[in-house]
Chemist: 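What follows is a structure written as structure tokens; I'll ask about it next.
What you see below is based on every heavy atom in this structure, not just the backbone, and it leaves out hydrogens, waters and symmetry mates. Each chain gets a letter, A, B and so on, in the order its sequence line appears, and its residues count up from 1.
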2 protein chains.
Amino acid sequence: MELTNTSFLLLGMVALGPMSGYDIKQRADGSTRHFWQISYGQIYPELKALEKAGMVQTAEAARGSRQRTLHQLTETGTEALSDWLSDSTVTPVELRDEMLLKLFFSDSVGKEEQIQLARNMARRHREAASGLATQAPPHLDKPCPMRMEVLQFGIGLHSWCADFYDNLADRLSSPPPLGSPQPSRGGGRRAGGGPQDV
Amino acid sequence: MELTNTSFLLLGMVALGPMSGYDIKQRADGSTRHFWQISYGQIYPELKALEKAGMVQTAEAARGSRQRTLHQLTETGTEALSDWLSDSTVTPVELRDEMLLKLFFSDSVGKEEQIQLARNMARRHREAASGLATQAPPHLDKPCPMRMEVLQFGIGLHSWCADFYDNLADRLSSPPPLGSPQPSRGGGRRAGGGPQDV
DNA sequence: GACGACATGTAAAGAGTTACATGATTAT
DNA sequence: ATAATCATGTAACTCTTTACATGTCGTC
């Protein structure tokens, strides 16, 4: 069986403890959603496939007459997850952002519209950051430093983006008089030599 | 006809000047690739659909007997693009990152492997940033401040990520003695009140 | 002559979302 | 009662990538 990244998300979640498909969705929405979304339409069929492939075991755990199927890793599943985690292949990060696409093509629209777009983008990222910040910290019974790091990453990333777009909107709102030095960007850009500063 | 974001990418590109499908692909790979990928499998069929819908006009511009079809915006197409640009709907940014998924689940692997993963991620982003920095600045005949802003955004974003992951690798390499203050993160995190600092 | 860039296209597969259907339990 | 949440599932659809096919032109 060909395991996809989504399979590994499921295996990884199930490794955290016995879980139902519903549990996995809740957990993923509360943690991996910002860099790996997942829907029921993938979860339930894929869990069945993983069971068939001997990667997870299921146990009925109905509450009253409300059905509930818990999943846990088998040895095969543990090994598959472990192999994946140890694999050091470098894969590219994928980003898709309709608003950024708009911004890219917005040289032809009025300045007011550009500013509004930038502000909306800033707000979007500000909200994403505070959404993550509010996120229930995963169980503290077991230490999970990496999960915390990834959470901090998300918060930091969205904050950086929000700062960038707010700064852009500021600069569009009050263009500096010709010949005067640009005020430095509030946020990032310490690193990584820009392109010959065109 | 239902226009998708990919349609608008095509319209936006064609608005920059008459272009062939091949040209669009080259341009997109050199500019929008980092937040909106596109493949020939979408470009050519979609260009035909846009022509059929009266959004673009085509002109044969063969060089010798090597065929070449140039596309330019019609009035309908210009209007559609303009409407899209003016639409201020807020849409979420989509991120997918297999390596980050690995990092998220890497509490169970050895520290050496965690460090290697973080370093690989840092390198990946460093390379993405310098790839963008090297990117041919779009024609300077016409001013294109927004396209430059988006380029700077990409460079800044990847630099911030690279800094984060290098810093993480550093912290994993030499954990600070208990009770001593954490050295501040080289990069971001000015903003956005973290989650009750667990 | 062979290779790399130019140029256009299609078919099939893959990944993922959306919308729907069903039913139980808990809180208001 | 009734709404929200718990819980599982499927079918259809959309979007995108991959792999292939075809042929030209410049240059090493």
Chemist: For Thr6(B) and dC15(D), is the shortest distance between a side-chain N/O and OP1 or OP2 below 4.0 Å?
Modeler: no
Chemist: Can you see if the side chain of Lys48(A) gets near the phosphate of dG9(D) - specifically, an N or O under 4.0 Å from OP1 or OP2?
Modeler: yes
Chemist: Going from CZ on Arg96(B) to OG1 on Thr91(A), what distance comes out if it is rounded to the nearest 0.5 angstrom?
Modeler: 13.0 Å
Chemist: Please work out whether the ring planes of Phe153(B) and Phe164(A) are parallel, tilted or perpendicular, with thresholds of 30° and 60°.
Modeler: perpendicular
Chemist: Using the closest heavy atom to pick a nucleotide of DNA chain C for each, name whichever of Gln26(B) or Tyr40(A) lands nearer the 5' end.
Modeler: Gln26(B)
Chemist: Report yes or no: do Ser20(B) and Asp23(B) form a side-chain donor-acceptor pair below 3.5 Å?
Modeler: yes
Chemist: Decide yes or no for Val93(A) and His158(B): does some side-chain heavy atom of the first lie under 4.5 Å from some side-chain heavy atom of the second?
Modeler: yes
Chemist: On the nucleotide dT17(D), are OP1 or OP2 found under 4.0 Å from the side-chain N or O atoms that Gln42(B) carries?
Modeler: yes
Chemist: Of the options dA7(C), dT18(C), dT8(D), whose atoms approach the side-chain atoms of Ser39(A) most closely?
Modeler: dT18(C)
Chemist: Provide, to the nearest angstrom, the distance between the CZ atom belonging to Arg68(B) and the C1' atom belonging to dC25(D).
Modeler: 13 Å
Chemist: May I have the distance from Ile43(B) (atom CD1) to dA11(C) (atom P), rounded to whole angstrom?
Modeler: 18 Å
Chemist: Is any side-chain nitrogen or oxygen of Ser20(B) closer than 4.0 Å to OP1 or OP2 of dT8(C)?
Modeler: yes
Chemist: For atom CD of Glu60(A), is the number of surrounding heavy atoms from other residues, nucleotides or ligands below 6.0 Å larger than 12?
Modeler: yes
Chemist: Check each of Trp84(A), Phe8(A), Phe35(A) against Glu98(B) using the side chain to side chain contact (heavy atoms under 4.5 Å, CB included) test, and report the only one that passes.
Modeler: Trp84(A)
Chemist: Nearest-Å distance, CG (Asp29(A)) to P (dT17(C))?
Modeler: 10 Å
Chemist: Do Glu113(B) and Ser106(B) have side-chain N/O donor and acceptor atoms under 3.5 Å apart?
Modeler: no
Chemist: Side-chain N or O of Tyr44(A) less than 4.0 angstrom from OP1 or OP2 on dT8(D)?
Modeler: yes
Chemist: Without decimals, in angstroms, what is the distance between Asn5(A) CG and dG14(C) C1'?
Modeler: 13 Å
Chemist: Would you say the side chains of Ser31(B) and Gln135(B) form a donor-acceptor pair under 3.5 Å?
Modeler: no
Chemist: Rounded to whole angstrom units, what separation is found between the CD atom of Glu46(A) and the C1' atom of dT17(C)?
Modeler: 16 Å
Chemist: Using whole Å, what does the distance between atom C1' of nucleotide dC15(D) and atom CD of Glu98(A) come to?
Modeler: 14 Å
Chemist: Are any side-chain N or O atoms of Ser82(A) and backbone N or O atoms of Thr78(A), one a donor and one an acceptor, separated by less than 3.5 Å?
Modeler: no
Chemist: Which sits closer to the 5' end of DNA chain C, Asp23(B) or Thr4(A), going by the nucleotide each is nearest to?
Modeler: Asp23(B)
Chemist: Got a sec, which residues hit side-chain contact (heavy atoms from CB on, under 4.5 Å) with Thr74(B), two or more places apart in sequence or on another chain?
Modeler: Gln57(B), Thr76(B)
Chemist: Rounding to an integer number of Å, can you tell me how far Met19(B) CE sits from dT8(C) C1'?
Modeler: 17 Å
Chemist: I want to verify a distance call: between dG9(C), dT17(C), dT17(D), whose nearest atom is closest to the Gln37(A) side chain?
Modeler: dT17(C)
Chemist: OP1 or OP2 of dC6(D) versus the side-chain N and O atoms of Tyr22(A): is any pair under 4.0 Å?
Modeler: yes
Chemist: Hey, what are the protein-to-nucleotides 23-25 of chain C N/O distances that come in under 3.5 Å?
Modeler:
residue: dA24(C); atom: O3'; partner: Ser65(A); partner atom: OG; Å: 3.0
residue: dT25(C); atom: OP1; partner: Ser65(A); partner atom: N; Å: 2.7
residue: dT25(C); atom: OP1; partner: Ser65(A); partner atom: OG; Å: 3.2
residue: dT25(C); atom: O4'; partner: Arg66(A); partner atom: NH2; Å: 2.8
residue: dT25(C); atom: O2; partner: Arg66(A); partner atom: NH2; Å: 3.4

Chemist: Five pairs at each end of the helix from dG1(C)-dC28(D) to dT28(C)-dA1(D): take the axis at both ends and give me the angle between them to 10°.
Modeler: 30°
Chemist: Hey, does the side chain of Arg96(B) come within less than 4.0 Å of dA15(C)'s phosphate (OP1/OP2), counting only N and O?
Modeler: no
Chemist: Between dG9(D) atom P and Leu47(A) atom CG, what is the distance in whole Å?
Modeler: 9 Å
